[in-house]
Amino acid sequence: YHPIDDAMWKKGDSLPYMALAKTFETIESYSSRLVIIEHLTNLFRSIMLLSPKDLVMTIYLSINKIGPSYEAKELGIGDHILIKSVAESTGRTVDAIKQELVEVGDLGIIAQNARMTQPLMFSPPPLTIASVFKTFQQIADTSGTGTGSQKKKMDQIKKLLIACKDCESLYIIRSLQGKLRIGLAERSVLMALAKAVLVTPPSTEFPPKVIDIRKNMRPEEFEEKYSNTVAKVTRAYSQLPNYDLFVPHLCEKDGIDNILKTCSLNVGIPVKPMLAQPTTGITQMLDRFTDMEFTCEFKYDGERAQIHYLEDGSVHIYTRNLEDYTGKYPDIAANVKKFIGPNVKSFILDCEAVAFDKATKKILSFQVLSTRARKSVQLDQIKVPVCVFAFDLLFLNGKNLINEPFYKRREVMVENFVPSDGVFSFAKYANISDVNDIQSYLEEAVEGNCEGLMVKTLKEKSIYEPSRRSYNWLKIKKDYMQGMTDSLDLVPIGAWYGKGKRTGTYGAYLLACYDEDNEEFQTLCKIGTGFSDKDLSSFTEQLKPHVINQPRNMFRISDSIKPDVWLSPSQVWEVLAADLSISPVHTAAYGNLESNKGIALRFPRFIRTREDKSPEDATSSEQVVLMYQNQKINNHNSESKPQKDEDY
DNA sequence: CATGGCTGCCC
DNA sequence: ATTCTGC
DNA sequence: GCAGAATGGGCAGCCATG
């Protein structure tokens with residue numbers, strides 16, 4: 001590939017959106033990530049030479065964002081508005097589009113196949129990367145009640161669609177849906193970016209001296225440089241996850257060499273957080289950490305909070321996905337001075353914010369935390385107080401700690417922060433390695449209203465490096481472990497058509513338990529995970545004969561749940577879940593715990609069919625209530641309080 | 001001005 | 001969040 | 001083992017509708 005001669009535009013031309021759309025089309029036709037990355041690399045090489053100003057916008061369009069999470073506005077566009085837009089621009093009804101969606105499984109394909117029927121005085125100019133990106137930003141900026149902002153958004157979408165040629169509408173629609181689904185996500189985009197700057201080094205000359213560095217290099221030599229570059233680039237990005245700032249540094253002369261310095265950690269700018277991989281048992285965990293020292297920590301059920309404290313005393317708080325949630329937690333900001341040691345001037349602390357009952361000094365459930373207001377919260381209006389549980393320290397007093405081993409980071413954290421009742425605490429931990437000790441520690445964690453344990457290496461491979469392996473930590477929850485959580489046996493009574501790679505089969509089902517007293521099926525959850533591809537197609541076949549036109553009278557269903565098809569009860573499926581919650585939409589044990597509310601499953605997944613059971617043998621509503629009441633923590637949040645309190 | 005649907009984001 | 005799948 | 005793409009419950013906040 002020659003990045004100048006083979007590009008579909010010339011230096012000085014505006015970068016056509018078609019160049020990106022065609023690259024997406026190619027990428028979509030391959031499943032090998034190596035091939036995918038090579039194609040995107042080539043596009044990036046051309047852009048860096050011919051239209052360098054458009055590189056950042058192209059990256060954003062490739063990862064489906066319009067800016068860094070912590071500052072970008074959202075599109076505020078969903079399937080509803082998109083279907084309406086496609087319907088209007090093709091002169092068809094919303095119902096017709098929805099009907100076709102069942103067969104096609106992809107709104108983008110429908111848009112691509114349709115002829116746009118808007119009358120045009122003259123054909124609009126071709127889309128450019130800049131015009132598409134700008135329109136996306138304008139859509140995000142469109143807001144306001146009574147101003148018809150949704151209509152305005154639809155008009156902007158329709159304008160885009162009319163200007164689309166060829167496969168462009170496919171990717172415009174998918175971008176607006178927030179799902180490109182071409183087998184490319186941020187990690188591969190970063191690898192392609194790294195490869196592009198390596199293969200065709202940024203240069204002030206045009207054409208540059210080096211078009212393809214591989215021509216003067218042995219393949220092994222290139223491969224080594226490449227993996228080195230990827231490591232540096234992804235590392236740098238995780239320290240400065242902002243393409244507006246990061247890309248210019250990368251494209252400087254010697255950008256790669258200096259990238260870790262030019263894109264260093266900054267207090268006030270979020271860091272990509274370390275994440276954890278699920279582990280099915282203690283043995284598996286021990287296998288992963290053979291011959292390494294590790295530590296076990298309670299895994300609290302709250303919200304990840306990366307707390308930044310700047311020298312000027314200001315505080316910023318970011319979520320797991322780098323959203324700015326400072327406005328949600330003014331109480332944490334106000335409390336910082338209560339929990340820092342005397343020498344602390346600035347820090348980045350990795351924590352979990354957990355709902356906390358000050359009276360009983362107990363942790364409250366995630367569901368309670370989620371009722372907290374989220375925007376511009378005033379200190380005196382806080383209804384759900386939180387306690388911060390800190391577990392890692394990434395930065396202190398101007399010093400970057402992410403290259404220190406975990407035991408060291410923890411040491412510095414414990415030295416410099418001060419637990420404060422109901423306000424701040426260290427995540428409880430123990431440096432244990434014996435299987436039985438870990439087992440009982442896990443039980444203790446669950447007893448203490450936690451989800452389970454986090455397991456982390458202390459010395460070897462213990463630096464804070466989300467770029468290399470984003471799942472370098474392990475998590476153990478009791479529901480991952482066989483025999484530690486009761487499963488449920490439930491009946492599919494409805495189904496939804498699958499989308500994307502599940503087109504042609506049902507993609508999700510509505511499950512119910514059986515209420516013996518009323519002889520009715522009551523819904524407990526939808527389910528869409530745990531199925532192998534084979535399961536998906538065989539269930540679709542098996543259940544087809546059981547499709548019914550109307551829900552049976554013996555189905556208790558809330559108005560807000562409308563499956564694409566109803567099913568007569570015919571099978572029983574074993575299902576696992578992490579928790580049970582009070583539900584506004586599901587009808588299991590309706591009114592039993594709270595008036596007008598039922599019970600639902602949290603994180604439901606399919607395990608297997610229960611060939612030995614018939615629908616009436618499914619888990620009963622009574623059993624569901626018992627399971628709810630047996631939870632260590634629930635939303636009534638007290639063992640002493642009777643559960644039934646709806647009438648007094 | 002209340003309600004309900006849609007969206008984004010948390011898990 | 002959980003899970004499956006191709007590489 | 002990674003990266004990507006299917007899918008879950010449930011909440012606040014925003015906007016249209018009546």
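Reminder, nothing fancy here: chain letters follow the sequence lines and each chain counts from 1.
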Assign [X] to base, sugar-phosphate, or nothing according to its heavy-atom contacts below 4.0 angstrom with the strands shown.
X: A/Leu34; answer: nothing
X: A/Gly302; answer: sugar-phosphate
X: A/Arg374; answer: base
X: A/Tyr471; answer: nothing
X: A/Lys328; answer: nothing
X: A/Ile37; answer: nothing
X: A/Asp579; answer: nothing
X: A/Ser560; answer: nothing
X: A/Thr529; answer: base
X: A/Leu576; answer: nothing
X: A/Leu369; answer: nothing
X: A/Leu536; answer: nothing
X: A/Phe606; answer: nothing
X: A/Lys153; answer: nothing

- Would you check if there is a donor-acceptor pair between the side chains of A/Arg33 and A/Ser188 at a distance under 3.5 Å? yes
- Message: Would you say A/Ser487 and A/Glu574 are linked by a side-chain donor-acceptor pair, where the criterion is simply a distance under 3.5 Å?
- Response: yes
Only pairs under 3.5 Å count here: list side-chain donor-acceptor contacts from residues 523-532 of chain A, not counting sequence neighbours, and write none if there are none.
residue: A/Thr523; atom: OG1; partner: A/His586; partner atom: ND1; Å: 2.9
residue: A/Thr523; atom: OG1; partner: A/Thr587; partner atom: N; Å: 3.3
residue: A/Ser532; atom: OG; partner: A/Lys534; partner atom: N; Å: 3.4
residue: A/Ser532; atom: OG; partner: A/Asp535; partner atom: N; Å: 3.1
residue: A/Ser532; atom: OG; partner: A/Asp535; partner atom: OD2; Å: 3.2

- Task: Flag this pair as yes if the NZ/CZ of A/Arg556 is under 6.0 angstrom from the six-membered ring centre of A/Phe521 and inside a 45 degree cone about the axis; otherwise no.
- Result: no
- A/Tyr226 ring centre to A/Lys195 NZ or CZ under 6.0 Å, with the angle to the axis within 45°? yes
Could you check which of [options] has an atom nearest any side-chain atom of [X]?
X: A/Ser149; options: C/dA1, D/dC15, D/dG10; answer: D/dC15
X: A/Asp533; options: D/dC14, C/dC4, D/dA6; answer: C/dC4
X: A/Lys179; options: C/dA1, D/dC15, D/dT7; answer: D/dT7
X: A/Tyr480; options: C/dT2, B/dC10, D/dG4; answer: C/dT2
X: A/Lys477; options: C/dA1, D/dG10, B/dC10; answer: C/dA1
X: A/Arg288; options: D/dG1, D/dA12, D/dG9; answer: D/dG1

- Query: Taking the same atom, C1', in B/dG8 and in C/dA1, what whole-Å distance lies between them?
  - Reply: 15 Å
- Message: Salt bridge or not between A/Lys501 and A/Asp533? Use side-chain N to carboxylate O under 4.0 Å.
- Response: no
